[in-house]
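Here is the structure we will look at, set down as structure tokens.
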Amino acid sequence: QVQLVESAGGLVQAGGSLRLSCAASGTRFSINDMGWYRQAPGKERELVATITQGGSTDYADSVKGRFTISRDNAKNTVYLQMNSLKSEDTAVYYCHVDGRVTHGIVLRRYDSWGQGTQVTVSS
């Protein structure tokens, strides 16, 4: 129903920056909250940042002050600007979206995940 496509990640040196994007597509859908998660090898997936439809943001303590989440509602796209990257930021990053989708005359909730993109920070 609603598909998310993430931009490519990359290999970045410690202290460098990288910007991720995630675009949602589908038919007759709307988006409420958007967010980014990450999962490092051998670890559980963790929340990185979220942004509401109104633009309110929340960040994990580990990325606060370094990462910025933003969204372009006209493009149904969420971004994650990552600055001052550390080796600890190395992970697969996933975007997540929840909202509403219309199926015929029925309005339903949905949530979707991106395919994941690898971000590697070298020290």
Side-chain angles (χ1 to χ4, degrees):
Q1 285 78 15
V2 180
Q3 297 79 43
L4 305 183
V5 178
E6 299 179 29
S7 62
L11 176 62
V12 187
Q13 291 186 190
S17 298
L18 189 66
R19 190 193 193 203
L20 304 179
S21 66
C22 173
S25 63
T27 57
R28 296 191 296 275
F29 74 98
S30 62
I31 299 173
N32 290 331
D33 299 334
M34 310 179 86
W36 289 93
Y37 295 74
R38 67 186 182 187
Q39 187 168 23
K43 297 183 179 180
E44 296 183 1
R45 189 172 300 184
E46 64 175 350
L47 177 67
V48 176
T50 60
I51 183 167
T52 68
Q53 189 177 48
S56 298
T57 59
D58 282 298
Y59 298 91
D61 289 340
S62 59
V63 307
K64 198 170 298 181
R66 300 187 297 119
F67 290 10
T68 302
I69 187 171
S70 61
R71 62 192 288 170
D72 185 335
N73 291 331
K75 297 180 179 180
N76 291 324
T77 300
V78 61
Y79 305 91
L80 185 67
Q81 179 66 47
M82 302 181 290
N83 298 327
S84 301
L85 283 162
K86 306 174 181 179
S87 59
E88 303 95 281
D89 296 318
T90 296
V92 176
Y93 284 71
Y94 300 87
C95 63
H96 179 263
V97 170
D98 71 71
R100 304 284 192 277
V101 62
T102 299
H103 298 273
I105 62 171
V106 179
L107 186 65
R108 303 200 306 175
R109 283 178 162 269
Y110 77 90
D111 75 285
S112 297
W113 290 91
Q115 78 276 16
T117 187
Q118 177 70 48
V119 173
T120 302
V121 183
S122 62
S123 58

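- To the nearest 0.5 Å, atom CG of residue D98 and atom CG of residue D33 are 5.0 Å apart.
- Within 6.0 Å of the NZ atom in K43, the count of heavy atoms belonging to other residues, nucleotides or ligands does not exceed 12.
- For the atom pair OH of Y93 and CG of L80, the computed distance is 7.0 Å after rounding to the nearest 0.5 Å.
- A donor-acceptor contact shorter than 3.5 Å is absent between the side chain of S21 and the backbone of Y79.
- A donor-acceptor pair under 3.5 Å links the side-chain atoms of Q115 to the main chain of E6, judged by distance alone.
- Side-chain contact between R66 and M82 is absent, with no heavy-atom pair separated by less than 4.5 Å.
- The two residues V101 and T27 have their closest heavy-atom pair at CG2-O, 3.8 Å.
- Side-chain N or O atoms of S112 include none that pairs as donor or acceptor with a backbone N or O of L4 at under 3.5 Å.
- Under the 3.5 Å distance criterion, the side-chain polar atoms of Y37 are left unmatched by any main-chain donor or acceptor of V92.
- Looking at Y110 and I31, their side chains come closer than 4.5 Å, going by heavy atoms from C-beta outward.
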Given the rule in the side-chain contact (heavy atoms from CB on, under 4.5 Å) test, do T102 and R100 qualify, once you have shown the distances and angles that lead to the verdict? CA-CA 7 Å; T102 299; R100 304 284 192 277; over 6 Å; no
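- Between I69 and V78, some side-chain heavy-atom pair lies under the 4.5 Å cut-off.
- Taking both residues in full, the closest heavy atoms of V2 and A24 are given as CG1-CB, 4.2 Å, listed atom of the first, atom of the second, then distance.
- Between R38 and T90 there is no side-chain heavy-atom pair separated by less than 4.5 Å.
- Although no hydrogens or angles enter the test, the distance criterion places no donor-acceptor pair under 3.5 Å between the side chain of Q39 and the main chain of A91.
- Using a distance-only test at 3.5 Å, with no hydrogens or angles considered, no donor-acceptor pair links the side chain of R28 to the main chain of G104.
- Ring geometry, H96 versus W113: the interplanar angle falls from 30° to 60°, so the pair is classed tilted.
- Put simply, CG on D58 and OG1 on T50 are 4.5 Å apart, with the number rounded to the nearest 0.5 Å.
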Name the atoms and distances for all side-chain donor-acceptor pairs under 3.5 Å in residues 9-19, with sequence neighbours left out.
residue, atom, partner, partner atom, Å
S17, OG, N83, OD1, 2.9

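- Considering CG of L85 and OG of S123, their distance stands at 12.5 Å, rounded to 0.5 Å.
- With respect to the salt-bridge test (charged N to carboxylate O, under 4.0 angstrom), the residues D89 and K86 do not qualify.
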Step-by-step side-chain contact (heavy atoms from CB on, under 4.5 Å) determination, V48 to V63: CA-CA 7 Å; V48 176; V63 307; 4.0 Å; yes
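- A49 and Y59 make their closest contact through CB-CD2, 3.6 Å (heavy atoms, listed as atom of the first residue, atom of the second, distance).
- Linking Ile, Leu, Val, Met, Phe, Trp and Tyr residues whenever their side-chain heavy atoms come within less than 4.5 Å places Y94 and L47 in a single cluster.
- Residues K64 and D61 come closest through the heavy atom pair NZ-OD1, 3.1 Å.
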